[in-house]
Number of protein chains: 2
Amino acid sequence: MKNCIKELRKEKRISQEELASAVAVTRQTIISLENGKYNASLLLAHEIAKYFGKTIEEVFLFDEEETN
Amino acid sequence: MKNCIKELRKEKRISQEELASAVAVTRQTIISLENGKYNASLLLAHEIAKYFGKTIEEVFLFDEEETN
DNA sequence: ATTTTATGTCAAGTATATTTTACATTTTTG
DNA sequence: CAAAAATGTAAAATATACTTGACATAAAAT
């Protein structure tokens, strides 16, 4: 699964640290999500989408082929 | 977070087992989600929503107050 | 009434998400 | 250029999602 967190964050011109505290997680978590190291939980995905005023499916892109 | 998996499933008149295999998880997982024992992962949420032809936010209801 | 099918519970195990801490590198700013 | 701010890496610890298997009860079917 891909996401456009980094792009949305840069549009808003905020740092990883600001986003992290806005959605109540660690900066490490934001880094890992942006760099595709793992997937957000449903709650975190919701918080992030809400923060950017988007829907979950707008922020997280589910390319088919990943029913891993 | 709440969800209307059980309701959607009953509308479609399918068993937990059918849903489970359709989205490639265990029946246990479906039971636990329906009974609110834990939250789905983002990927599973997507699979389930897709299966029912809905968006994630239509199936999973994020009552605010749960930034636990 | 009894067999089958569907739903539920419990507990232990594995996998993955998130935290914490500490440090290295890159980018921005004065 | 030097200092500060932002981004990145790595590893160990904790939390939560998901699996497996075994068994109990409820609902539906014959």
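So that the names make sense, note that chain A is the first sequence line, chain B the second, and so on, each numbered from 1.
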Using a cut-off of under 3.5 Å, enumerate the N/O to N/O pairs linking the protein to nucleotides 12-14 of chain D.
none

| field | Stems involving DNA chain D, each a run of at least 3 consecutive Watson-Crick or G-U pairs under 3.5 Å | value | C:1-30 with D:1-30
| field | Which atom of A45(B) lies closest to which atom of A40(B), heavy atoms considered | value | N-CB, 4.1 Å
| task | Measure the distance from CG on L42(A) to C1' on dA17(C) and round it to the nearest whole Å. | result | 13 Å
| Carboxylate-amine/guanidinium proximity below 4.0 Å for K10(A) and E7(A) | no
| task | Measure the CG-CD1 distance between N3(A) and I56(A) for me, rounded to the nearest 0.5 Å. | result | 12.5 Å
| remark: Contact string for nucleotides 2-9 of chain C, one letter per nucleotide 5' to 3', B = base within protein heavy-atom range under 4.0 Å, S = sugar-phosphate only, - = neither, reads ----SBBB
| query | Can you name the side chain to side chain contact (heavy atoms under 4.5 Å, CB included) partners of T55(B), sequence neighbours left out? | reply | E57(A), E57(B), E58(B)
| field | Whether R9(A) side chain and I14(A) backbone form a donor-acceptor pair below 3.5 Å | value | yes
| said: Test: ring pair (Phe, Tyr, Trp, His ring centres under 6.0 Å). Region: residues 8-48 of chain A. Which pairs qualify, not counting sequence neighbours? | reply: H46(A)-F62(B)
| Could E18(A) and K12(A) be called an ion pair, given the rule that one side-chain N must be under 4.0 Å from one carboxylate O? | no
| query | Is the shortest heavy-atom distance from the side chain of T29(A) to the side chain of V23(A) under 4.5 Å? | reply | no
| Between dA27(D) (P) and R13(B) (CZ): distance, integer Å | 16 Å
| request: Please check the phosphate of dA17(D) (OP1 and OP2 only) for any side-chain N or O of T29(B) closer than 4.0 Å. | output: no
Please list, pair by pair, any protein nitrogen or oxygen found under 3.5 Å from a nitrogen or oxygen in nucleotides 28-30 of chain D.
none

| message | I want to check something: taking the side chain as every heavy atom from C-beta on, are L61(B) and M1(B) in contact at a cut-off of under 4.5 Å? | response | no
| field | Name of the residue among N39(A), V25(A), L44(A), L19(A) meeting side-chain contact (heavy atoms from CB on, under 4.5 Å) with L33(A) | value | L44(A)
| said: Expressed as a whole number of angstroms, how long is the span from Y38(A):OH to dA17(D):C1'? | reply: 14 Å
| Hey, does S32(A) have a side-chain heavy atom less than 4.5 Å from the side chain of Q28(A)? | yes
| request: May I ask you to verify if any side-chain N or O of N39(A) is less than 4.0 angstrom from the OP1 or OP2 atom of dT16(C)? | output: no
| Considering all heavy atoms of both residues, which atom of K54(B) and which atom of L8(B) are nearest to each other, and what is their separation? | CE-CD2, 3.8 Å
| query | Considering all heavy atoms of both residues, which atom of I5(B) and which atom of E34(B) are nearest to each other, and what is their separation? | reply | CG2-OE2, 3.8 Å
| note | The nucleotide from dA17(C), dC18(D), dT19(C) with an atom nearest the side chain of S41(A) is dA17(C)
| Can you tell me how far P of dC18(D) sits from CD1 of I5(B), to the nearest Å? | 10 Å
